[in-house]
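Below: one structure, written as structure tokens.
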Amino acid sequence: MTDVEVARNGAVLELSLNRPAKKNALTNAMYRALSVALHEAERDQNIGAVLISGAGGVFSAGNDIGDFVAAVSSGGEMAAADFVRKIAAFSKPLVAAVDGLSVGVGTTMLLHCDLIYASPSARFSLPFVDLGLLPEAGSSLLLPRRVGMARASAWLLAGESFSAEEAREAGLINGVVAADALLATAREKAAKLAAKPRTALLAARKFLRGDKEEILARIDAELDAFRAALASPQAQGALAAFLNKNK
Ligand code: COA
């Protein structure tokens, strides 16, 4: 078992975030595994869609906070940045099944997915500003486009968390599905997408998703600001408080 389970299911590549003891918080190693899987899915003609889910009744608690702190002290790499660029540039359909908590990048990565289903217990939050950080993954561009400026401001600036039903009403997700039917529903949707005429589907998707260069440019601009914010005393204090509380 690894922290990211990768499995083929017909023409769908399934990626399961599988670190439930840490609420599927994403480590650098997990981002690297996700990036490799997306790279392979992109190249493999037999793969027509990718499905992302979380194990253990949680989608993801966002970036691993220990890795955030280490990235600053070591001046180290942020594997997250590479993953975010990869998922934004990915050309095949992405389907997500969100059960339970979805925090930070757990939620912003969904903006690059095409069909998203969540269980009634799903709870989304984007606590960047409260941590002294900034929205990432292109969310400052894509979230207001998707759900309108009022909701994007409430979620990204005021840090208000929201339910699966609110996410559905806002148009962030496609549907709310009982937890015991969630994965099966997402699998069925992904398999159907993967079986469609590939060239037409990918071309339609490309037009739907808009200007990739604009999105990648926003991701890079956000990352520059994010790195600076991460090194700030406010962010370091907030992250250290989380780590100390959980000691
Ligand atoms: N990074 C690292 N570890 C994390 C984590 C994260 N983002 N989120 C949760 N964990 C760990 C906890 O430290 C704890 O580890 P421990 O059992 O070794 O002490 C374990 O996962 C369970 O988390 P806990 O906080 O006890 O669960 P909870 O149900 O009370 O709360 C959350 C769940 C997600 C609300 C809470 O863990 C949280 O706020 N996490 C941080 C979310 C965050 O800010 N992410 C970054 C966004 S940019």
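Just so you know, ligand 1 is whichever comes first in the structure, and atom 1 is the first atom listed for that ligand.
- Near L131, meaning under 4.0 Å from any of its heavy atoms, are these atoms of ligand 1: 44 (O), 47 (C), 48 (S).
- Inclusion of G104 in the set of residues having an N or O under 3.5 Å from an N or O of ligand 1 is not warranted.
- Looking at ligand 1, you'll find an N or O of K22 within less than 3.5 Å of one of its N or O atoms.
- The backbone N or O of V12 lies less than 3.5 Å from no partner atom in the side chain of N9, so there is not a single donor-acceptor pair.
- No side-chain N or O of S163 forms a donor-acceptor pair with one of R123 less than 3.5 Å apart.
- Less than 4.0 angstrom separates some heavy atom of F128 from each of these atoms of ligand 1: 48 (S).
- For A25, every heavy-atom contact with ligand 1 shorter than 4.0 Å involves the side chain, none the backbone.
- Put simply, part of A21 is less than 4.0 Å from ligand 1, judged by heavy atoms.
- By the criterion of a heavy-atom distance under 4.0 Å, neither the backbone nor the side chain of V105 is placed next to ligand 1.
- With a heavy-atom cut-off of 4.0 Å, L101 touches ligand 1 through its side chain alone.
- Closest to atom 27 (O) of ligand 1 by heavy atom, among K23, K245, E136, R19, is K23.
- Summarising the contacts of atom 7 (N) of ligand 1 with N63, L134, D130, the nearest heavy atom is found in N63.
- Residue contacts with ligand 1: F242 is placed with no nitrogen or oxygen under 3.5 Å of a nitrogen or oxygen of the ligand (distance criterion only).
- F226 and F68 have their aromatic ring centers within a separation under 6.0 angstrom.
- Between the side chains of S119 and D99, at least one donor-acceptor pair of N or O atoms lies under 3.5 Å.
- A donor atom on one side chain and an acceptor atom on the other are found under 3.5 Å apart for Y31 and N63.
- Between the side chains of E14 and S53, not a single donor N or O lies within less than 3.5 Å of an accepting N or O.
- Atom CD of residue Q234 and atom CG of residue L239 lie 11.5 Å apart, to the nearest 0.5 angstrom.
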Task: Full working for side-chain contact (heavy atoms from CB on, under 4.5 Å) between L111 and L141 - done: CA-CA 10 Å; L111 294 165; L141 179 72; over 6 Å; no
